[in-house]
> 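I have a structure here, written as structure tokens, and I will follow up with some questions on it.
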Amino acid sequence: MVTRDTAWPEGTPSWVDVSVGDIPLAIGFYSGVFGWEVIQGGPETGGYAIAHLDGRTVAGIGPKMGPPDTPTVWTMYLATNDADATAAKIKGAGGHLLMEPMDVMDAGRMGIAADITGAAFGIWQARAHTGVGLANAPGALTWNEHLSRDFEGAKAFYAAVFGYEYGDMSSDEFSYATLLLDGHEVGGIGGYPDGTPADIPAAWSTYFGTADTDSQVAAVTNNGGSVVRPAADSPYGRLATVADNQGAVFSLISIPPGGE
């Protein structure tokens, strides 16, 4: 378990939020699945809600931006000390901005980008809102990973923008590396294996911790969600991929008691 009250180091996944068509419906779902206490903002915030666990911030729930067919998705935000400078690096490395940096009242400065593979992600320059206050715990953000069909190109892009080094974990069947900042693992990056359906786009995935993956999957379905990939054991914990009751996909991973 990790707690934090100050801004996360640049390049660290520091915040996640889900964009939905029905915020109250999402609040009911995630409160039922994770036991989150969710506080919804007023009209000036567009109804954006902040979820808490044990009194600490863990995620956001906000309205979909754009046309009605905009997908319901989880977005991961990478910490930055200067959103405008990072935006310039994104463009210089071949990515593009879906939303130019903008101030979010006194909370911080944010932007939304797409990398060279088309995967979307956010950047967050913390001010009053420093990001997740609890991580690596049941019901909290535990891992983020990027998967695409251009493993080497994606690595070069993120190294250029955030200065990552990589811990290679590839095998003959699968290309994968950990994202390293000052020697610390902050996420993963991999290539889709052969046979991955062509309609699956490059994307960042969000993993929430759980003390019992199978029970958590049951909570998802009991609250109107669905199973995308059934629970299965891995060397890193028992994993499952699910969708909420509006279609936003996320993953679950078991963590040891007390976290790491």
> Counting heavy atoms not belonging to M105, are there more than 12 under 6.0 Å from its CE?
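Correct, the count exceeds 12.
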> Using the benzene-type ring in the case of Trp, are the ring centres of W15 and F121 under 6.0 Å apart?
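Between F121 and W15, which both carry aromatic rings, the centre distance is not below 6.0 Å.
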> Test question: given the 4.5 Å side-chain rule for I, L, V, M, F, W and Y, name all other residues clustered with Y192, or answer none.
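Besides Y192, the hydrophobic cluster comprises W143, L147, M169, F174, Y176, I200, Y207, Y236, L239, I253, listed by chain and residue number.
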> Would you please name every residue forming a side chain to side chain donor-acceptor pair (under 3.5 Å) with T241, sequence neighbours left out?
R229, S251
> Just wondering, more than 12 heavy atoms not from D233 lying within 6.0 Å of its CG?
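Above 12, so yes.
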> Hey, is CG on D168 packed in by over 12 heavy atoms from elsewhere, all under 6.0 Å?
yes
> For Y164, enumerate each residue passing the side chain to side chain donor-acceptor pair (under 3.5 Å) test, keeping only those at least two apart in sequence or located in another chain.
none
> Should H146 and D115 count as side-chain neighbours, where that means a heavy-atom distance under 4.5 Å?
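Yes, their side chains come closer than 4.5 Å.
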> Suppose we screen for side chain to side chain donor-acceptor pair (under 3.5 Å). Which residues come up paired with W124, at least two apart in sequence or across chains?
none
> List the atom pairs, with distances to 0.1 Å, where a side-chain N or O of residues 21-35 and a protein N or O form a donor-acceptor pair under 3.5 Å, not counting sequence neighbours.
{"residue": "D22", "atom": "OD1", "partner": "L25", "partner atom": "N", "Å": "2.9"}
{"residue": "Y30", "atom": "OH", "partner": "W74", "partner atom": "NE1", "Å": "3.0"}
{"residue": "Y30", "atom": "OH", "partner": "D244", "partner atom": "OD2", "Å": "2.7"}
{"residue": "S31", "atom": "OG", "partner": "I27", "partner atom": "O", "Å": "2.7"}
{"residue": "S31", "atom": "OG", "partner": "W36", "partner atom": "O", "Å": "3.2"}

> Filter on side-chain hydrogen bond (donor to acceptor under 3.5 Å, both in side chains), then keep only pairs touching residues 51-62, sequence neighbours left out; what's left?
D5-R56
> Do the side chains of E100 and K91 get close enough for a salt bridge, i.e. N-O under 4.0 angstrom?
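Here E100 pairs with K91 in a salt bridge, since their nearest N and O are under 4.0 Å apart.
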